> 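Questions regarding the structure given below will be posed in turn.
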Amino acid sequence: MSVVVAVCLAGLSLAAVLCVVRLIAGPSVPDRIVALDALLYVVVSGIAVAAAATRDGSFLAVLLAVALLGFVGTVTVARFVERRGSS
C-alpha cells in the first residue's frame with residue numbers, strides 16, 4: 001500500500017508542478033483559469049489519496065467541501081470571463 005501511495009503522490013506532485021507552470025506562463029486568462037482548476041483537482045486527489053492511505057473517513061468531508069468550492073469558483077470565474085471577453 002505504501003508503494004502505491006508514494007507513486008500516486010509523486011504523480012500528483014508532477015501534475016501540480018505542471019499546473020503551476022501553466023498558471024504562471026499561461027498566455028491568456030482562460031488558460032490560467034483552467035490551470036487553477038486543474039491544480040484544485042490535484043489537491044482534491046491528494047486528499048483522496050491521504051484518506052485512502054490513512055483509512056480515515058474524516059478526510060472525505062473536506063474533500064467534498066473543497067470540490068464543491070472549486071466547482072462554484074470555476075463556474076463563477078467562467079461566467080465573469082464570458083461576460084468580459086476572452087482577452
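Start at 1 with the first residue, then count along the sequence. The structure displayed is predicted, hence computed values, not measured ones.
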> Which residues satisfy the side-chain contact (heavy atoms from CB on, under 4.5 Å) test with L69, sequence neighbours excluded?
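In terms of side-chain contact (heavy atoms from CB on, under 4.5 Å), with neighbours along the sequence ignored, L69 is linked to no residue.
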
> What's the shortest heavy-atom distance between T76 and V72, and which atoms?
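That closest heavy-atom pairing would be OG1-O, 2.7 Å.
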
> For T54, check side chain to side chain donor-acceptor pair (under 3.5 Å) against everything at least two apart and list the hits.
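So T54 forms no side chain to side chain donor-acceptor pair (under 3.5 Å) with any residue.
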
> Using the test side chain to side chain donor-acceptor pair (under 3.5 Å), find all partners of S58 that sit at least two apart in sequence or belong to another chain.
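Side chain to side chain donor-acceptor pair (under 3.5 Å) check on S58 returns D56.
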
> Going only through I, L, V, M, F, W and Y residues with side-chain contacts under 4.5 Å, is there a path from V21 to L18?
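Hydrophobic grouping puts V21 apart from L18.
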
> Checking V77 now: which residues fulfil side-chain contact (heavy atoms from CB on, under 4.5 Å) with it, not counting sequence neighbours?
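Counting only residues at least two positions away or on another chain, V77 forms a side-chain contact (heavy atoms from CB on, under 4.5 Å) with I33, V81.
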
> Closest approach of F59 and A51, non-hydrogen atoms and distance?
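The pair with the smallest heavy-atom distance is CB-CB, 3.5 Å.
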
> Using only atom types and a distance under 3.5 Å, with no angle test, would you say the side chain of R32 pairs donor to acceptor with the backbone of R22?
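Side chain of R32 to backbone of R22, a donor-acceptor pair under 3.5 Å: no, none is there.
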
> Under 4.5 Å between side-chain heavy atoms, counting indirect links through other Ile/Leu/Val/Met/Phe/Trp/Tyr residues: same cluster for L60 and F71 or not?
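Each belongs to a different hydrophobic cluster.
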
> Show every donor-acceptor pair shorter than 3.5 Å between a side-chain atom in residues 37-46 and any protein atom, with sequence neighbours excluded, or say none if there are none.
{"residue": "D37", "atom": "OD1", "partner": "T74", "partner atom": "OG1", "Å": "2.7"}
{"residue": "S45", "atom": "OG", "partner": "Y41", "partner atom": "O", "Å": "2.9"}

> With L36, which residues qualify under side-chain contact (heavy atoms from CB on, under 4.5 Å), at least two apart?
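L36 satisfies side-chain contact (heavy atoms from CB on, under 4.5 Å) with L23 once adjacent residues are dropped.
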
